[in-house]
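Residues take their numbers from the sequence shown, with the count starting at 1. The model shown is predicted, which means the values in this text are computed figures rather than measured ones.
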Amino acid sequence: MFQAKNNSAICLNQSTLNDVSSALSPSIIRCLSDISEMDTVHLSVDLVSAARRIVGFLRSVNECQWIHQRPTIIEAIRRYDEVWMPLIANLTVVGSTPPLVLPPFDVEWVWFCHTLNPVGYKKYCESRFSKLIGKPSIFNEENEEYALMRCKEIWVQRYPAEPFENEVESDSQDPPLLNEDLFNEVQKHKLLYSKFSQPYLYELVYLIAARQRYKGFLYMIQRFGDGCFRFVPAFDIRLMLLTHQSYPTAYADDLKDMWENMAKVVGLWETVQEKEVEETNKIWERTFDEPYEKAGGEIAMAKRPIYWEVSDVDVNTKYKSMIPRFLLEVCIFVRLNARMKATNGDMKRNFLRLRMVRCHRELKLDKSIPDFSYDSWRKAWHLYCEFGTRGLIVEFRGRGGHCFKGSKLVNSMSFSWNDLLRAPSITLTREIDQVRVLASVTPPVQAPYLLKCVPDRVTDDSGAMISDVILKLNNYRPQKGRWLCRTVLDHAGRECFVVRISTEKVVGTATPKESPDQWQAAWQFSTGDELLINCGSSTSSSSLSFSMKSRESSDSFVMLLRGRKMQYQDKETESKVAEDEKEDDDGFVTLVRFTEENPTGRATALLNWRLLVVEFSPEEDAILVLLLCISILRTVSEMTKEDAGGLLVRQRLKEAKLGARDWGSIVLHPSSLSSSNTSPYLQPWYWNASQVMAQHEDTGNTRKPAPVEGGDMLCNIEACFITNLLIIFMAMEMKVSALCIIFLLTILFSESVASFPSSSLNTDSICKHTPHADFCKYLFSSNKLFNTLDYGRVSIHHSLLNARTFLDSINQHFLAHPSNSTSKQALEDCRFLADQNVDFLSQISDRINSSTDSLDSVEADDLHALLSAALTNVETCLEALESTPSASRIKDRFLQSNGTKSFSVSLAVSKHWVHSSTKPERNHVFHKLIDDTYTPLSVFMSSNDKQTIYEYATGKRDVKTLTNGKITVKQVVMVSHNGDGQFKTINDAITAMPNVTGDSNEYYVIYIPTGVYEEYISIPKYKQNLVLVGGLSTNPTIISGNRSVGDGSTTFSSATLAVFGKKFIAVDITFRNTAGPSKYQAVAVLNGADQSIFNRCTFEGYRNTLYVHSFRQFYVNCHILGTVDFIFGNAAAVIQESYIHARLPLPTQDDVITAQGRTDPSQNTGISIISSFIRANDDLISNMGLTKIYLGRPWKEYSRTVYVSSSLDGLVADEGWKKRDGDFGLSTVYFGEYDNYGLGRDTGDRVDWPGFHNMTKTEALNFTVARFIQGNKWLPATGVHYFGGLRD
């Protein structure tokens, strides 16, 4: 950071401040969201993406203890100074973008620290290399890997004696220090991550808001930088400034006109003077009329009262009743309008009250109106809220007179979290009764889980509640198997586990075992962990000690520390005397996990075994934590011969009022704590655990359990998931001299799948599965049929006759009636599809006529896919004819001949073509679904493989050797504009490829190097097994077009790429339609190819971007961009691990992601989006609040779309799904969601249509790669990366 030349001279006197105030008249006060690069400077680097990468990089540096050791740093500085900087300087060309190379990790850390001193770094570069050395803009892992690999190649070539990695030993003697200034610079930033460890720093919404505030900060420096005062960056602005500085050439070019003024910014590690903060605040407020500080944007980041850090993984998603907690930080600022001065006397009785919408309705935080100012914004409240609270309410209230002690509500305003997240800078300002209130939030991110155990409700064997009268008659003695139960509640009071008897499958166990010497108890967990407990010579729990061992994990180990340790130990606890500390920490155990990356340990859970309460990070297993807690309690109870944690209390006598003050829902920031806000429910629960967890019992019904309850033999304890997904079965049997406890964790879910009906069926059983039952019965009534294939032969014969007649009619009309261009194109589309149908039905007819009884499952799936595609072709064709009035007779004739109905009946029959003896073993398939991945297709993945393909295409290698053991590449050609390849256009290369039909594993590869190819490509059905391979993803291959319905094309013919050849593969290609949002339908890709694969491809368009027309399709690692119905069609399409970006639509439109076109319930079609990310594009985020994102709408009567295990952006509408035309399809569609996460995942306010489903795991499995598109049967042959089932 720049250092000020004369700190004593840097001040802002009152006259200067008055000059600033007069210069900022109300007429020229700027709105922060309106500040553009025209008003300030052009930012030549993507600060949002760059900041995300830097925060991740700092986290990696923080976790790597090796890099902070003195010998390592000294060696890294030598490598940076002697090797890296000369290397990168040699590659750098002045005026061009920095070369795409990245140094080793240790050198990059030194480079990063050096760039944070822009003046010193610039002098260093210019003195040594006579030019400023820049850093490449690399923001994704794939490009990083490529840049690092390229750097290694150059490094090894130029410095063969210099190892690429830092190989210095940590215990070696310090080498000579060559650059002390740089060493001090690196040491200074050792703890930099501690300043930027907030978990919301990875959130796009936060970073976009921070970038806008950074622009405002630069605007403020531009206008007032000539004064003699210094500027103090807020936290979010500091992050953007640091990011900007880390790209030296971009920073120098962008701020060349402000270079001197930037020296007046207070440095990262400089001491901030209170006067400097005050002056910066005043200038900002008078420039933008809003407070300078905000949630996540304070000047001095105080220690958070809660433990909240980044979680890379949540291992508890497998427990479906556990709902993650999401926390956000909230700041409320208040400013009085000048018009209130006239009524100042009346204001003394008025005050503001803060309340929550949900979860903590008892919250009442009051602030008197006189506490606020007319001249500046004052912070009223600073707190942390769960996202489930929905929002906050600020009430304007007046106190009563001398005779009335209460208050009266005058007015109120509300701020919902969703509204705030959609607002510019995630900040909203509202006004009531001359009081202006500004609320700002940080994006919600996942926080630790909170679970507590409470006594179970007492029930009879049927599960019904037992009345108190019956219990009293039985002397409160328990029923067999119905006592010593515990129900586990989460932070919001939702039940996660309940004690019940079960003999279901075991998921996990905790079993007592013989303890070794010097230990008094031992437990063996099925997780592979062993728990040893010792009370010493005392019977008091204060002398407890623990040991944890793991047999299954060699890369980490766990320690259990008695009491609240590390981040759970607040300052008050630290200052207490030993006696007080012993009392406060009684029952607490901190779980600390040590890993190779973090040898100093990190607390991942806090347990209070006495109260049976746990808090744990998402990466810590809930079952392990619960078993630890209950095992410790049970052991202590046995050793002390007393009911230490009230385990014998068997009945929950009074329910807590959920939503009144749910624990953990609100935590006040230390700055908002006061003598009037001392409620333990507004502080971390472990500060006052006993008070927070105190049971609210009705004194009229309070009773203590009889001391002899259960006698000597304690009855069985068991526990189950409320949703029947998980059961914890605990068989507890204790005698005076022995302890025998077993906890069994079991999972209950149905693995059953819908089986096919029997192959021997009558007409009624066949026809009830089709929407056209009467026609179906008529079709089969005059035929003597013996099995399902007989039914198939009749229906397919009828369908084929209709298809041929339909094609003939179209051909005749096409020749006899010249049409305008649009009508002609519609007829061309229809003729193409009708010709396909004749071919499809002929294939089916030939196959079933050659079979005597039944088909195997693979063949039946293939024929069913052909029939579904044929019906889709019919519907597409009929829609095209609607734009051709002269062809209406053809459409009417086809419908009158029951053409569509015959296709539908054929589909219903085809579902019965698999004989029961040939059906696949579903349970066996399921065994492979959980995480079934395959080796990537090496020929098409890495940059090395691209080089290999290039050598084959140019004849430098023999193509016969090109195989990865799964497929054989028959031929490789290259397209190049400059003549390097065999063809200059992609279409020429496709035309030259040999025709391929039938089943074959010989592939034909067309290599398309980096560049933009403005072509319209159509791959016909007889060009099978074709592979298009693009250049490097860092500089992509782009195929671009701009046809649209608005310019006279049909939707079908507007596609930039249309593909119909089976087994088509595309890798690393961007497909575009640039027609724009006002041109109606404009398709980038139309896919009608069976068993097609798009890997690492991008589809860019607006309305109707990706047309998944028909057949079985697979998309993985792709990006899909659009506005309205931008994924549509009637294929069986699975989109896996991809990014779906909703763009900014026209002002009158909302974004709708999917419009699925299933017209018959027997079709195998639908859109399944699995483990993907639904995001708002940057242009939509910058216009938050104007547009809603819908997951889909019912395009056709039986539309089918599901979202499974995907991340849903906060801009997704609460209702989720959108109507198309009144009530059309609402009861017949199938729209489903399962196991999604993110801000838009909450299905509580989803549509209540009969066709919307909160799916179970069993239902979700039917839409996986293996089951929905039969992927396990054809994807492994290509070697493409995928998983067949659901991610655990």
Side-chain angles (χ1 to χ4, degrees), residues 199-200 202-209 314 317 320 323-328 357-358 385-391 415-423 426 441-447 1119-1127 1135 1137-1145 1149-1154 1167-1193 1201-1219 1231-1249 1252-1255 1260:
Y200 50 75
Y202 291 91
E203 297 298 322
L204 194 62
V205 175
Y206 175 84
L207 294 174
I208 291 173
D314 184 357
T317 56
K320 301 307 177 185
I323 300 178
R325 294 175 68 228
F326 286 87
L327 284 184
L328 48 83
V357 175
R358 288 184 60 202
C385 306
E386 284 185 1
F387 190 71
T389 56
R390 293 287 180 89
F415 297 86
S416 76
W417 304 145
N418 284 332
D419 288 344
L420 278 161
L421 291 171
R422 293 166 180 161
I426 43 183
V441 298
T442 61
V445 295
Q446 189 169 359
H1119 291 258
I1120 308 169
L1121 294 81
T1123 55
V1124 179
D1125 301 341
F1126 60 95
I1127 305 174
I1135 301 172
E1137 295 186 327
S1138 295
Y1139 286 81
I1140 298 173
H1141 308 266
R1143 306 176 85 169
L1144 181 67
Q1149 295 176 334
D1150 285 315
D1151 279 329
V1152 183
I1153 296 174
T1154 64
I1167 297 172
S1168 176
I1169 298 172
I1170 301 179
S1171 296
S1172 294
F1173 303 84
I1174 314 305
R1175 295 287 182 263
N1177 208 43
D1178 285 355
D1179 57 351
L1180 182 58
I1181 291 176
S1182 62
N1183 290 269
M1184 285 191 297
L1186 303 178
T1187 304
K1188 289 184 177 180
I1189 300 175
Y1190 292 93
L1191 301 177
R1193 59 177 176 172
T1201 301
V1202 299
Y1203 290 76
V1204 176
S1205 302
S1206 293
S1207 171
L1208 305 185
D1209 194 281
L1211 291 183
V1212 172
D1214 293 341
E1215 59 269 35
W1217 306 83
K1218 185 177 183 180
K1219 292 182 179 180
F1231 291 160
E1233 296 181 52
Y1234 172 77
D1235 194 32
N1236 296 314
Y1237 58 100
L1239 303 184
R1241 67 169 293 277
D1242 188 3
T1243 58
D1245 293 326
R1246 287 291 195 261
V1247 295
D1248 58 354
W1249 309 339
F1252 172 72
H1253 303 266
N1254 270 315
M1255 298 187 298

Does any N or O in the side chain of [X] come within less than 3.5 Å of the main-chain N or O of [Y], such that one atom is a donor and the other an acceptor?
| X | Y | answer |
| --- | --- | --- |
| Arg1175 | Ala1142 | no |
| Ser1207 | Phe1173 | no |
| Ser416 | Asp419 | yes |
| Ser1206 | Ser1171 | yes |

Would you indicate whether the side-chain heavy atoms of Asp1125 and Arg1193 approach each other to under 4.5 Å?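 In short, these two side chains touch, coming nearer than 4.5 Å.
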Are the side chains of Tyr200 and Leu207 in contact, using a 4.5 Å heavy-atom criterion?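 No, their side chains stay 4.5 Å or more apart.
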With Glu1137, which residues qualify under salt bridge (Lys or Arg N to Asp or Glu O under 4.0 Å), at least two apart? Arg1287
Once salt bridge (Lys or Arg N to Asp or Glu O under 4.0 Å) is applied, do any residues pair with Arg325, and if so which ones, sequence neighbours excluded?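 Once residues adjacent in sequence are excluded, the partners of Arg325 under the salt bridge (Lys or Arg N to Asp or Glu O under 4.0 Å) criterion are Glu386.
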Under the side chain to side chain contact (heavy atoms under 4.5 Å, CB included) rule, collect the residues that match up with Thr1201, sequence neighbours excluded.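 Residues passing side chain to side chain contact (heavy atoms under 4.5 Å, CB included) with Thr1201: Thr1154, Gln1156, Ile1167, Tyr1203, Trp1217, Phe1231.
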For a quick test of reading the model, state the closest non-hydrogen atom pair linking Asp1151 to Arg1143 and the distance between them.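 Minimum heavy-atom contact is OD2-O, 2.6 Å.
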Asp1245 vs Arg390, test: salt bridge (Lys or Arg N to Asp or Glu O under 4.0 Å). Steps then yes/no. CA-CA 12 Å; Asp1245 293 326; Arg390 293 287 180 89; 3.5 Å; yes
Let me confirm one number: the CG-CG distance from Asn1177 to Leu204, rounded to the nearest 0.5 Å.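 Here the interatomic distance stands at 9.5 Å.
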